[in-house]
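This report concerns only the one structure given below.
Worth knowing before you read on, the calculation uses all heavy atoms, side chains too, and leaves out hydrogens, waters and symmetry mates. The structure displayed is predicted, hence computed values, not measured ones.
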Amino acid sequence: MSEPDPTAASPDTAEVIAARRREMAVEHLLFGALRHLAGRHPGMLDELEDSLPHLWDRSEGTARDDEAVREIARRFIKSLRAES
């Protein structure tokens with residue numbers, strides 16, 4: 001019988017890695033789409049920024065941090081403004 005590969009990720013770790021990769025791909029595509037739209041509709045970034053008070057964290061309990069989610073969105077908007 002062969003020994004298990006010590007470098008192989010556990011199923012839980014593999015799921016986390018796959019989810020992070022999907023997240024990175026979606027962020028890239030979304031950022032590109034927003035950059036394109038912001039170039040055509042300059043007021044769009046203002047509208048997105050104005051909508052941030054309605055953004056919230058879907059986590060429950062102590063893991064929930066609405067302001068942390070909003071801060072991530074603010075950084076995206078700031079980056080988009082810098083590129084436009």
Side-chain angles (χ1 to χ4, degrees):
M1 199 159 149
S2 65
E3 293 292 317
D5 180 359
T7 62
S10 71
D12 289 340
T13 302
E15 285 183 40
V16 170
I17 291 168
R20 180 65 188 135
R21 288 176 179 160
R22 283 191 305 272
E23 179 183 342
M24 290 170 62
V26 169
E27 286 176 6
H28 173 78
L29 295 172
L30 181 59
F31 192 83
L34 288 172
R35 184 176 52 230
H36 175 76
L37 287 171
R40 293 177 183 247
H41 304 282
M44 183 189 80
L45 295 178
D46 293 333
E47 288 185 36
L48 284 173
E49 195 162 32
D50 291 344
S51 75
L52 295 183
H54 301 286
L55 181 60
W56 54 281
D57 185 348
R58 293 174 51 179
S59 298
E60 306 248 343
T62 59
R64 182 174 177 167
D65 189 343
D66 297 339
E67 192 53 37
V69 174
R70 291 181 191 120
E71 184 56 32
I72 292 168
R74 282 187 201 99
R75 287 194 308 250
F76 269 105
I77 293 169
K78 182 178 179 180
S79 293
L80 287 164
R81 286 189 195 283
E83 290 193 21
S84 49

Handout entry: Apart from Leu80 itself, residues in the same hydrophobic cluster as defined by side-chain heavy atoms under 4.5 Å
Key = Leu30, Phe31, Leu34, Leu37, Met44, Leu45, Leu48, Leu52, Leu55, Val69, Ile72, Phe76, Ile77
Tell me which donor-acceptor pairs under 3.5 Å the side chains of residues 12-22 have, and how far apart each pair is, sequence neighbours excluded?
unit_1 : atom_1 : unit_2 : atom_2 : d
Thr13  : OG1    : Ser10  : OG     : 2.9
Arg20  : NH1    : Glu23  : OE1    : 3.4
Arg20  : NH1    : Glu23  : OE2    : 3.0

Exercise for the section: Just grab all the salt bridge (Lys or Arg N to Asp or Glu O under 4.0 Å) pairs involving residues 37-47, residues at least two apart or on different chains. Expected result: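 Checked against salt bridge (Lys or Arg N to Asp or Glu O under 4.0 Å) - neighbours excluded - the pairs reaching residues 37-47 are Asp46-Arg81.
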For [X], side chain to side chain donor-acceptor pair (under 3.5 Å) partners two or more places apart:
X	answer
Asp66	Arg64
Glu83	Arg35
Glu60	none
Arg74	Glu67, Glu71

Completion exercise
What one should report as the nearest heavy-atom pair of Asp50 and Pro53 is O-CD, 3.2 Å
